[in-house]
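Read the structure below first, then the notes.
Lettering of chains follows the sequences in order, A, B, ..., and the numbering in each one begins at 1.
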Protein chains: 2
Amino acid sequence: MKKDISTEEKILDHAGQIFKMKGFSGARMQEIADSAGINKAMLHYYFRSKKMLFDKIFENILDDFQQNIIITLNDERSWENKLTALSEKLYMFVYHNEDIPIFLFNELHMNYNFFSEQLFKFKEIKKSSFFKQFMSEMKKGNIIKTDPLQVLVHIFSGIIFPVVAKPIISSMGDLNDKQFDQFLLERKKIVPEIIIQYLKNTGV
Amino acid sequence: MKKDISTEEKILDHAGQIFKMKGFSGARMQEIADSAGINKAMLHYYFRSKKMLFDKIFENILDDFQQNIIITLNDERSWENKLTALSEKLYMFVYHNEDIPIFLFNELHMNYNFFSEQLFKFKEIKKSSFFKQFMSEMKKGNIIKTDPLQVLVHIFSGIIFPVVAKPIISSMGDLNDKQFDQFLLERKKIVPEIIIQYLKNTGV
DNA sequence: GTCTATAAAGCGATAGAC
DNA sequence: GTCTATCGCTTTATAGAC
């Protein structure tokens, strides 16, 4: 493995951690250099500017997030199992990347127009096999008439939002970190249950 | 009305808008001064430092948000009507304050420990009459066994998250701003329906 | 490729006149 | 209370030696 690749990746890794924690405007090039154990000048040597370093990292994170979703919605399962799998997938994602959702949404919010190109890849979701399955089942009358996007957003909301709003929810329920984890674990289970039951319109 | 009060309020107003858009570290005192049509020195005259100005604004926004919730959960209604009213209330809040949720969550996330005192007021929610009603109905067997906090988080998630993730959701569904508003309006209706039906465990 | 030193601009905060 | 001018520090970015 070449030495320059190693340094470049080391920078991306450490810069990623700091951007995720402090956002673009809160992060400092000096802090990134210190964290990576190199010099400030190296950051500019490899990525020219703070903004270009940030953009590369942001794009990777956004891609990773989108890929996680699209793969789940396109594999070989029934629509119900996809919703359950999506809940599981998102749970694992936010559990291991607690600070990514708020980071993504915040940076997108502060620079709505700038990232519009990068957001195009999320349009693939509407073309996923989940949508086709869902529409087909709805036509057959097996599912209550509902916008499939509402269903997906139900899962996204249910699992991702608690992590975004963790300080407030923890305070509401007087939960310590361990209790919050338990709370989220329980959510992972009931969120798909609730929406599936609604769609099938079947009480137990 | 005294002139100094008017200036102070003008500062709070304009600083609020800019902090909400750009966050603490992204906001600039010069920009706030320009927006308010006054001088940078005035900001320090009235609020000493950027941080103290920010804290005053942040606290007001957090209080406002919490009050909106607590009032709804404590008024005179059935638990079902409270969930529907909460959905309506949150919808109105985010509709008129699109950038507040992400602002709140982001600043709380970046400064978790610092705001712990201010978050104490959210503990009131657990003591609200909604919780008492809910536990009582659950004991009677009219509601499926569920953590009432999960129920509230369901409403919060369902309504607030879409605004936080608006860029991504709009892209997923290829929605323009008007279509997104319609999407959110539909959510306001179905989110409480879904959870109430689940709790009562009654198909139509 | 990697470092030190420094430029150049930005920013929060203060001094002091009015 | 309000302004101009400026201080002093921080931060991004570059120059140049090795």
Side-chain angles (χ1 to χ4, degrees), chain A residues 1-61 99 103 106-107 109-111 114-115, chain B residues 1-61 99 103 106-107 109-111 114-115:
Chain A
M1 193 178 289
K2 279 194 296 181
K3 208 175 179 187
D4 58 333
I5 302 262
S6 167
T7 299
E8 187 169 334
E9 284 178 347
K10 202 199 301 178
I11 292 172
L12 285 171
D13 183 30
H14 288 262
Q17 287 186 294
I18 289 173
F19 278 132
K20 283 178 223 163
M21 283 194 308
K22 313 206 166 180
F24 175 76
S25 58
R28 296 289 165 251
M29 295 295 264
Q30 184 64 60
E31 192 181 358
I32 292 170
D34 292 346
S35 171
I38 54 158
N39 194 278
K40 251 198 314 183
M42 295 302 291
L43 302 177
H44 292 94
Y45 175 78
Y46 280 101
F47 299 95
R48 286 197 72 89
S49 72
K50 182 184 180 184
K51 188 64 167 54
M52 290 174 85
L53 172 57
F54 176 84
D55 285 346
K56 187 149 272 180
I57 288 166
F58 188 83
E59 191 171 349
N60 284 341
I61 291 176
D99 43 5
F103 167 73
N106 189 53
E107 298 296 338
H109 174 254
M110 301 221 260
N111 232 323
F114 183 81
F115 293 113
Chain B
M1 192 178 288
K2 279 193 295 181
K3 207 177 181 186
D4 57 333
I5 301 261
S6 168
T7 299
E8 187 169 335
E9 284 178 350
K10 203 200 298 177
I11 292 173
L12 286 171
D13 183 30
H14 289 261
Q17 286 186 296
I18 289 173
F19 277 133
K20 283 179 223 164
M21 283 195 306
K22 313 205 167 183
F24 175 75
S25 58
R28 297 290 164 250
M29 294 296 267
Q30 184 64 61
E31 193 181 357
I32 292 170
D34 291 347
S35 171
I38 54 158
N39 194 277
K40 248 198 320 181
M42 295 303 289
L43 302 177
H44 292 95
Y45 175 79
Y46 280 100
F47 299 95
R48 286 194 72 87
S49 71
K50 182 184 180 184
K51 188 64 167 55
M52 290 173 86
L53 171 58
F54 175 84
D55 285 345
K56 187 151 272 179
I57 288 166
F58 188 83
E59 192 171 350
N60 283 342
I61 291 176
D99 43 5
F103 166 72
N106 189 52
E107 298 296 339
H109 175 253
M110 300 222 262
N111 234 323
F114 183 81
F115 293 113

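- At the phosphate of D:dA13, OP1 or OP2 sits under 4.0 Å from a side-chain N or O atom of A:H44.
- The main-chain N or O of B:Y46 is never found under 3.5 Å from a side-chain atom of B:E8 such that the two would form a donor-acceptor pair.
- Rounding to whole angstrom units, CZ of residue A:F24 and C1' of D:dT11 are separated by 12 Å.
- Between B:E107 and B:F54, some side-chain heavy-atom pair lies under the 4.5 Å cut-off.
- Atom CG of residue B:L53 and atom CD1 of residue B:I18 lie 10.0 Å apart, to the nearest 0.5 angstrom.
- The salt bridge (Lys or Arg N to Asp or Glu O under 4.0 Å) test applied to A:D55 returns A:K51, not counting sequence neighbours.
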Set out, in order, the CA-CA distance, both residues' side-chain angles and the distance that settles ring pair (Phe, Tyr, Trp, His ring centres under 6.0 Å) for A:F19 and A:F103, then state yes or no. CA-CA 8 Å; A:F19 278 132; A:F103 167 73; 7.3 Å; no
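- One can place CZ of A:R48 at 6 Å from P of D:dT14, the figure rounded to the nearest angstrom.
- In this structure, NZ on B:K56 lies 7.5 Å from CG on B:L12, to the nearest 0.5 angstrom.
- For the helix from C:dG1-D:dC18 to C:dC18-D:dG1, the terminal axes (five pairs an end, C1' atoms, rotation from four pairs onto the next four) enclose an angle of 10°, given to 10 degrees.
- If you take NZ of B:K50 and C1' of C:dG10, they are 12 Å apart, rounded to a whole angstrom.
- Rounded to an integer number of Å, the gap from A:F47 CZ to D:dT12 C1' is 16 Å.
- Atoms CD1 and CG, on B:I11 and B:L43 in that order, are 5.0 Å from each other to the nearest 0.5 Å.
- With sequence neighbours left out, A:H14 forms a side-chain contact (heavy atoms from CB on, under 4.5 Å) with A:K10, A:Q17, A:S35, A:A36.
- Look at A:T7 and you'll find a side-chain N or O under 4.0 angstrom from OP1 or OP2 of C:dT2.
- Among the nucleotides D:dA13, C:dC3, C:dG1, the one closest to the side chain of A:I38 is C:dC3.
- Rounded to an integer number of Å, the gap from B:M52 CE to C:dT14 C1' is 16 Å.
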Check nucleotides 4-8 of chain C against the protein and report each pair of N or O atoms closer than 3.5 Å, with its distance, or say if there are none.
from, atom 1, to, atom 2, distance (Å)
C:dT4, OP2, A:N39, ND2, 3.0

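- Listed by first and then second residue, the salt bridge (Lys or Arg N to Asp or Glu O under 4.0 Å) pairs involving residues 37-48 of chain B amount to none (not counting sequence neighbours).
- Summarising the geometry, the separation between CG on A:L43 and P on D:dA13 is reported as 10 Å, rounded to the nearest angstrom.
- Relative to the side chain of B:Y45, the nucleotides C:dT2, D:dG1, D:dA13 differ in distance, and D:dG1 lies closest.
- Within residues 25-33 of chain A, the residues that have a heavy atom under 4.0 Å from DNA chain D are, in order of number, A:A27, A:R28, A:M29.
- Heavy atoms only, all atoms of each residue included: A:A33 and A:N39 are closest at CB-C, 3.8 Å.
- Scored by the side-chain contact (heavy atoms from CB on, under 4.5 Å) test, B:N111 finds B:F114, B:F115 as partners (sequence neighbours excluded).
- Computed from coordinates, the A:M42 CE to C:dT2 C1' distance equals 5 Å when rounded to whole Å.
- Whole-Å rounding puts the A:K51 NZ to D:dT11 P distance at 20 Å.
- Pairs engaging residues 15-38 of chain A under the salt bridge (Lys or Arg N to Asp or Glu O under 4.0 Å) rule: A:K22-A:E31 [sequence neighbours left out].
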